[in-house]
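Side chains are part of it too, since the values below use all heavy atoms of this structure and drop only hydrogens, waters and symmetry mates. FYI, the numbering just counts along the sequence from 1.
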Amino acid sequence: MSGSVRGLAAAVLVAAGLSGISGCAASTEATPEAANAPKASGEARTGTVLSVTQVSPVDAELSWRGKAPGAAGRIVEFATEPSGPWTVLTYAPLGQTTYRHPDLIPKTHFYYRVRPYYGPASRPVDVTLPKGAFTKAEQRQEHRWAPPRTIRRAGVRTSPVRRPSATPTDLRATVMHANGIRFTWTDHAEGERGYLLEDRPRGGGSFHPVAVLDPDINSFGLITLPNEKRASYRVRPFTYGERSNIARMTTGERPAGRG
């Protein structure tokens, strides 16, 4: 699971790649006019109720409702088989209730589900990078500091991931060059599904995930974007909550002039 959310999102939109965690639940199928929302009588496994609207033959609009007390946000996933494999489309803030999935493969079944995720975030660190673009010389560097890794530390107490005592500590950001930062922290979580590295560029309203890492990782290097010359960062161990119902849509022919 290690890697960049940015890279994952691009791959999903361009190629509808297939990787993730399999699973199944009751389903709801979209019509071209509107979503058929699941009934509250039990189609959804939890308080999150998901529906999908086919806004064009190859565009889907997801919407959901329900509460997830204590959650950090929700993940939105899709598959092209009812049992998966599942691919994460986005890590949505808790207040977000819609997502648009555009330019889908024609004449294909798409299945969607939403799950809350939980886990305490570390205290943020502020980083100011030197001026300068990501040069070709920097791109040719090996960046051996960047791959995710686990630095073993003796005597560290751990707690189940949803407890406050699982909060990561000692988050440090080391500027490696004008567009690269290495992060290290102390991992106090047990049973996590992974770690999120989140950022908030200066002037931004809220934190959002920029990388998804495997469990037990406590060192990772990020190549930044131009708007991240000044930004705040934090890390979060996470685990998943109960998934929603599965909403289904079948795409049609690609409209003339698209793709």
Side-chain angles (χ1 to χ4, degrees), residues 1-15 17-21 72 75 85 87-88 90-91 117 119-158 161 166-202 204 207-239:
M1 186 163 54
S2 298
S4 170
V5 169
R6 299 163 185 153
L8 172 64
V12 166
L13 292 178
V14 173
L18 299 176
S19 65
I21 301 167
I75 64 167
T87 296
V88 176
T90 190
Y91 286 76
Y117 64 92
S122 70
R123 291 185 177 181
V125 294
D126 297 328
V127 181
T128 299
L129 293 171
K131 295 181 180 180
F134 192 33
T135 65
K136 290 184 178 180
E138 289 175 338
Q139 294 175 35
R140 289 193 295 266
Q141 293 176 11
E142 293 187 16
H143 294 94
R144 293 181 179 177
W145 48 269
R149 65 191 67 182
T150 301
I151 301 172
R152 300 295 178 186
R153 294 182 174 132
V156 176
R157 293 184 177 181
T158 60
V161 61
T167 302
T169 59
D170 307 315
L171 177 62
R172 292 184 172 88
T174 303
V175 175
M176 306 304 292
H177 56 65
N179 300 276
I181 310 168
R182 183 192 179 202
F183 297 94
T184 59
W185 60 92
T186 300
D187 173 18
H188 294 282
E190 60 184 51
E192 75 271 24
R193 299 297 295 268
Y195 261 89
L196 297 177
L197 173 65
E198 303 173 341
D199 87 342
R200 182 178 61 194
R202 186 182 184 188
F207 283 88
H208 64 279
V210 294
V212 187
L213 307 169
D214 285 335
D216 302 322
I217 294 299
N218 60 1
S219 175
F220 176 68
L222 180 73
I223 301 300
T224 59
L225 295 177
N227 70 330
E228 294 170 334
K229 286 296 185 181
R230 298 185 70 175
S232 299
Y233 295 87
R234 67 188 186 187
V235 291
R236 180 195 303 274
F238 70 92
T239 189

Inter-residue atom distance [X].[atom1] - [Y].[atom2], 0.5 Å rounding:
{"X": "Arg153", "Y": "Thr186", "atom1": "CZ", "atom2": "OG1", "result": "4.0 Å"}
{"X": "Asp214", "Y": "Asp216", "atom1": "CG", "atom2": "CG", "result": "9.0 Å"}
{"X": "Leu222", "Y": "Arg182", "atom1": "CG", "atom2": "CZ", "result": "13.5 Å"}
{"X": "His143", "Y": "Glu138", "atom1": "NE2", "atom2": "CD", "result": "6.5 Å"}
{"X": "Phe183", "Y": "Leu197", "atom1": "CZ", "atom2": "CG", "result": "5.0 Å"}
{"X": "Thr167", "Y": "Arg234", "atom1": "OG1", "atom2": "CZ", "result": "11.0 Å"}

Just by modelled atom types, is the Thr184 backbone N or O under 3.5 Å from a matching donor or acceptor in the Asn218 side chain?
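No: the side chain of Asn218 does not pair with the backbone of Thr184.
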
Flag, side chain of Lys229 to backbone of Pro130, donor-acceptor distance under 3.5 Å
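Flag set: sc Lys229 to bb Pro130 pair under 3.5 Å.
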
Nearest heavy-atom neighbours spanning Ala72 and Arg236:
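Closest heavy-atom pair between Ala72 and Arg236: CB-NH1, 3.4 Å.
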
Answer yes or no for Arg193 and Tyr117: cation-pi contact, defined as NZ/CZ to six-membered ring centre under 6.0 Å and angle to ring axis within 45°.
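No, Arg193 does not lie over the aromatic ring of Tyr117.
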
Within-4.5 Å side-chain heavy-atom neighbours: [X] and [Y]:
{"X": "Phe207", "Y": "Pro124", "value": "yes"}
{"X": "Ile223", "Y": "His177", "value": "yes"}
{"X": "Ile181", "Y": "Leu129", "value": "yes"}
{"X": "Tyr91", "Y": "His208", "value": "no"}
{"X": "Thr224", "Y": "Tyr233", "value": "yes"}
{"X": "Glu198", "Y": "Val235", "value": "no"}

Val212 and side chain to side chain contact (heavy atoms under 4.5 Å, CB included): which partner among Leu196, Ile217, Ile75?
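Only one of Leu196, Ile217, Ile75 forms a side chain to side chain contact (heavy atoms under 4.5 Å, CB included) with Val212, namely Leu196.
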
